[in-house]
Amino acid sequence: MTEPKATQNLDRTSGSAALPWSRARDLLATQTPKEDLTFFVGTVRPDGRPHAAGVGAIWVADALYFVSGPGTRRARNLAANPACTVSVRLRGLDVTMEGEAHRVADPATLERVAAVYREGGWPATVEDGGFNAPFMAASAGPAPWYLYRLTLHRAVGVATAEPHGAARWDFSR
């Protein structure tokens, strides 16, 4: 992932400087997959209504990845419209990311991301273009579970710890 092409200071009350993207990026890199974080993916149903669901996501090689069962509402929505949001509360920073999520089936990427999931305690193995493991969310359906990579277009961060502030980061499309 590239650095943002623009940063906007969203702090309207305290006079804090705009937060640097490096703060969000470094927290994502150090807190996933080892900390108990729940990410929420927002997708759009075919009729335009929103859908949100919690997922286990990880930051690998400067990109955000998450898993979904192929029959889930989230996966069906992404197949029809890859536009989505991903939100998470990190230590000291709430982050919402906007972009497009696309399925990843490349064996080398699947192996690299599965290894990181295993570091965090989920024993994922690559199978049939996705992941398998002894356990997964009950709502995911049967394996293999698909891997998605978020192509980041915009992110917003609001600090919940010092140094406070808020920023929007815009990335090249």
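Please read these numbers as outputs of a predicted model, since none were measured by experiment.
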Trainee: Suppose the criterion is ring pair (Phe, Tyr, Trp, His ring centres under 6.0 Å): which pairs have a residue in residues 24-53, not counting sequence neighbours?
Mentor: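 Listed by first then second residue: nothing to list.
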Trainee: For residues 105-112, tabulate all N or O donor-acceptor pairs below 3.5 Å that involve a side-chain atom, not counting sequence neighbours.
Mentor:
from: Asp106; atom 1: OD2; to: Thr109; atom 2: N; distance (Å): 2.9
from: Asp106; atom 1: OD2; to: Thr109; atom 2: OG1; distance (Å): 2.7

Trainee: Show me the donor-acceptor pairs within less than 3.5 Å that the side chains of residues 116-123 make with the rest of the protein, sequence neighbours left out.
Mentor:
from: Tyr117; atom 1: OH; to: Gly56; atom 2: O; distance (Å): 2.9
from: Arg118; atom 1: NH1; to: Ala124; atom 2: O; distance (Å): 2.6
from: Trp122; atom 1: NE1; to: Phe135; atom 2: O; distance (Å): 2.8

Trainee: Does some side-chain heavy atom of Asn77 sit less than 4.5 Å from a side-chain heavy atom of Pro82?
Mentor: no
Trainee: Check Pro46 against Arg73 and note the closest heavy-atom contact, atom names and distance.
Mentor: CD-NH1, 3.6 Å
Trainee: So if you build clusters from Ile, Leu, Val, Met, Phe, Trp, Tyr with side-chain heavy-atom gaps below 4.5 Å, do Val86 and Val55 land together?
Mentor: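 Yes, Val86 and Val55 fall within the same hydrophobic cluster.
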Trainee: Is Asp94 salt-bridged to Arg89, going by a charged N under 4.0 Å from an acidic O?
Mentor: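 So Asp94 pairs with Arg89 through a salt bridge.
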Trainee: With a 4.5 Å heavy-atom cut-off, do Arg25 and Arg23 have their side chains touching?
Mentor: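 In short, these two side chains do not touch, never coming nearer than 4.5 Å.
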Trainee: Do Cys84 and Leu150 have side chains that get closer than 4.5 Å, going by heavy atoms?
Mentor: yes
Trainee: Going by heavy atoms in the side chains, are Phe131 and Val113 under 4.5 Å from each other?
Mentor: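 Heavy-atom side-chain distance check passes, below 4.5 Å.
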Trainee: Do the side chains of Arg49 and Asp47 get close enough for a salt bridge, i.e. N-O under 4.0 angstrom?
Mentor: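 Yes, this pair counts.
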Trainee: Between Asp11 and Thr13 (side chain of the first, backbone of the second, donor and acceptor by atom type, cut-off under 3.5 Å), is there such a pair?
Mentor: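 Pair found, side chain donor or acceptor close to backbone of Thr13.
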Trainee: Are Ile58 and Tyr148 linked, directly or through intermediate hydrophobic residues, by side-chain heavy-atom contacts shorter than 4.5 Å (ILVMFWY only)?
Mentor: no
Trainee: Between Thr32 (side chain) and Trp59 (backbone), is there a donor-acceptor pair under 3.5 Å?
Mentor: yes
Trainee: Compare every heavy atom of Val126 with every heavy atom of Ala114, then report the nearest pair and how far apart it is.
Mentor: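 Closest approach of Ala114 to Val126, heavy atoms only: CB-CG2, 4.2 Å.
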Trainee: If you compare all heavy atoms of Pro163 against all heavy atoms of Leu19, which two are closest, and at what distance to 0.1 Å?
Mentor: O-CD2, 3.9 Å
Trainee: When clusters are formed by joining ILVMFWY residues with side-chain heavy atoms under 4.5 Å apart, either directly or through shared neighbours, do Val156 and Leu37 land in the same one?
Mentor: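 Each belongs to a different hydrophobic cluster.
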